[in-house]
Engineer: 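Have a look at the structure that comes next, please.
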Amino acid sequence: MFSVKELVESSTMNSVPSNYICHKTPEDFMLNYETENIPTIDFLQLTSSNPNERSNAIQQLGDACRDWGFFMLINHGVPETLREKMVRVGESFFDMSKEEKMEFAGEKILDPIRYGTSFNLMVDTALFWRDYLKCLVHPHFNAPSKPPGLRETFEEYSRKGKKVVEELLKGISLSLGLEENYIHKRMNVELGSQVLVINCYPPCPKPELVMGLPAHTDHGLLTLLQQNHLGGLQIQHKGKWIPINPLPNSFLINTGDHMEILTNGKYKSVIHRAVVNTKGTRISVGTAHGPNLDTIVDPAPELVGDDNPALYRAITYRDYILLQQNNELDKKTCLERIRI
Ligand SMILES: O=C(O)CCC(=O)C(=O)O
Ligand SMILES: [Fe+2]
């Protein structure tokens, strides 16, 4: 395996190797900079003991999930020092030697620790300008034994992130007119899967020719994302690409495919992508929170009716992940594969 980081560090590049060149259409370059309406959710209000304040925040959360599938979360309580430390330990993982990193390469999609490049080398037709480290951190905690400090930082960050997500899931259940712990119970979030991904996008001499990660949706219920000082996330809203500039100290949150399945399409899984830049290495830290791997996910009966028939067939979370990861990221969401 040749990582993008090694490729960039091994030569002075003025161009990019042809196997990284992605086919793009004019629509891929059309950006919408009208970002003022991107929803912001205040976690303090969402967890407020003042019923009016809380129900306002729940309403905003529901609107954000329905209209955008994306929002920025402020006042979430995860300390900035911890978030910065995550980026630093992530960087130092990729700074280790090739041999050290390859100890964590993993072989299979569901291996609990996986260092890799692109998306899935078995299916990618063009390579993506991205190296990654993925760790399954819940229900069992897994992380590389080096560099020093990585395990402890991953552990604390995952634990705090899960607490935030559990509160968000309560708010989302209520916004759907369901009981507060509905999603928690139905998706077996107690034993839910939590995957921590550190993405490393080295600088690229010709960013317009490549993709960090092409358009896709995430599996799972909710993804929490943060990044270093370099932007690159774009979300698709009403058919246009919107570059995201996070509010200081905020988490970027998107709803995943299993939120769309569970809500029978009421809350849509947002299409997003990551672009790269010439300036420096972009690091993003994503945490995907999903059901337990053996949970069968189908539309909630409360959200299905005669004039609103089930849109997706039932499938375990595990089988869905395999379905997504064994197919090329091809601008269509994997949801199309289970649509009734
Ligand atoms: O790097 C980013 O901003 C997005 C990463 C992402 O979409 C993913 O890891 O699924
Ligand atoms: Fe994603």
Side-chain angles (χ1 to χ4, degrees), residues 4-5 22 31 35 38 68-73 83 86-87 90-91 93-94 109 113-120 123-124 127-137 154 157-158 161 165 193-204 207 210-237 241-247 250-260 268-277 279-290 320-321 324-325 327-335:
V4 185
K5 191 163 192 294
C22 288
L31 301 182
T35 55
I38 295 176
W68 288 76
F70 179 81
F71 55 91
M72 301 198 213
L73 187 71
R83 293 177 8 115
M86 269 306 286
V87 171
E91 272 166 351
F93 177 85
F94 293 105
I109 283 162
I113 302 180
R114 254 183 337 128
Y115 159 65
T117 192
S118 197
F119 171 66
N120 177 357
V123 298
D124 298 334
L127 295 178
F128 305 122
W129 206 261
R130 167 239 198 188
D131 300 331
Y132 65 85
L133 170 67
K134 287 191 190 185
C135 302
L136 185 62
V137 291
F154 275 25
Y157 184 84
S158 314
V165 165
S193 140
Q194 186 185 6
V195 182
L196 187 71
V197 187
I198 316 268
N199 296 302
C200 170
Y201 307 95
C204 177
V210 308
M211 279 312 290
L213 265 182
H216 68 282
T217 57
D218 291 347
H219 58 73
L221 295 164
L222 289 176
T223 303
L224 253 65
L225 190 83
Q226 64 148 326
Q227 60 182 19
N228 66 352
H229 59 288
L230 292 165
L233 175 69
Q234 299 181 345
I235 61 166
Q236 203 176 69
H237 182 64
W241 287 107
I242 303 189
I244 300 296
N245 293 311
L247 289 171
S250 67
F251 272 118
L252 305 174
I253 310 231
N254 63 268
T255 52
D257 294 348
H258 291 78
M259 191 63 87
E260 179 160 342
K268 295 255 176 347
S269 180
V270 71
I271 297 179
H272 57 285
R273 64 183 186 182
V275 298
V276 299
N277 69 84
K279 297 186 218 93
T281 298
R282 173 168 183 259
I283 298 281
S284 72
V285 180
T287 328
H289 297 255
Y320 188 88
I321 294 179
Q324 189 211 37
Q325 304 274 316
N327 284 287
E328 196 181 352
L329 288 184
D330 57 2
K331 301 194 179 181
K332 283 202 304 271
T333 113
C334 181
L335 284 170

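Whatever order the structure lists them in is the order used to number ligands and atoms, beginning at 1.
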Engineer: F128 ring centre to R273 NZ or CZ under 6.0 Å, with the angle to the axis within 45°?
Structural biologist: no
Engineer: Identify, for atom 9 (O) of ligand 1, the protein heavy atom at the shortest distance, and state residue, atom and that distance.
Structural biologist: N199 ND2, 3.1 Å
Engineer: Number the atoms of ligand 1 from 1 as they appear, then name those within less than 4.0 Å of a heavy atom of L225, with their elements.
Structural biologist: 2 (C), 3 (O)
Engineer: If you look at D218, which of its N/O/S atoms is nearest to the Fe ion (ligand 2)?
Structural biologist: OD1
Engineer: Please name the atom of H216, limited to N, O or S, that comes nearest to the Fe ion (ligand 2).
Structural biologist: NE2
Engineer: Hey, does R130 come in under 3.5 Å of ligand 1, counting only N/O atoms on both sides?
Structural biologist: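 N/O-N/O distance below 3.5 Å does not exist for this pair.
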Engineer: Tell me the protein heavy atom at minimum distance from atom 3 (O) of ligand 1, and give that distance in Å.
Structural biologist: R282 NH2, 2.7 Å
Engineer: Return the closest protein heavy atom for atom 6 (C) of ligand 1 as residue, atom name and distance.
Structural biologist: L213 CD1, 3.6 Å
Engineer: Is any side-chain heavy atom of F70 less than 4.5 Å from a side-chain heavy atom of H237?
Structural biologist: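 F70 vs H237: side chains apart.
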Engineer: Would you kindly specify which portion of T223 sits under 4.0 Å from ligand 1, judged on non-hydrogen atoms: side chain, backbone, both or neither?
Structural biologist: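 No part of T223 comes within reach of ligand 1.
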Engineer: Which of the atoms of ligand 1 are close to H272, meaning less than 4.0 Å from one of its heavy atoms?
Structural biologist: 7 (O)
Engineer: Look at the aromatic rings of F94 and Y115 and report parallel, tilted or perpendicular, splitting at 30° and 60°.
Structural biologist: tilted
Engineer: What atoms of ligand 1 come within less than 4.0 Å of a heavy atom belonging to Y201?
Structural biologist: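 Heavy-atom distances to Y201 below 4.0 Å select 1 (O), 2 (C), 4 (C), 5 (C).
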Engineer: Check whether any side-chain N or O of S250 sits under 3.5 Å from a backbone N or O of P246 as a donor-acceptor pair, and report yes or no.
Structural biologist: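 Such a contact is absent between S250 side chain and P246 backbone.
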Engineer: Is it true that Q226 and Y157 share a donor-acceptor pair across their side chains at a distance under 3.5 Å?
Structural biologist: yes
Engineer: Please name the pair of heavy atoms, one in L230 and one in T281, separated by the smallest distance, quoted to 0.1 Å.
Structural biologist: CD1-O, 3.5 Å
Engineer: Just let me know how Y132 lines up against ligand 1, side chain, backbone, both or neither, with a heavy-atom cut-off below 4.0 Å.
Structural biologist: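 No part of Y132 comes within reach of ligand 1.
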Engineer: Can you tell me which portion of R273 lies within the under-4.0 Å heavy-atom range of ligand 1? Options are side chain, backbone, both, or neither.
Structural biologist: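 It is neither; nothing of R273 touches ligand 1.
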Engineer: For the residue pair H216 and H272, is the inter-centroid distance of their aromatic rings smaller than 6.0 Å?
Structural biologist: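 Here the rings of H272 and H216 have centres that are less than 6.0 Å from each other.
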Engineer: Checking one value in my table: which N/O/S atom of H272 lies closest to the Fe ion (ligand 2)?
Structural biologist: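 Looking only at N, O and S atoms of H272, the one nearest the Fe ion (ligand 2) is named NE2.
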Engineer: Where do D257 and C334 come nearest, in terms of heavy atoms and distance?
Structural biologist: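 In this case the closest contact between D257 and C334 is OD2-CB, 4.4 Å.
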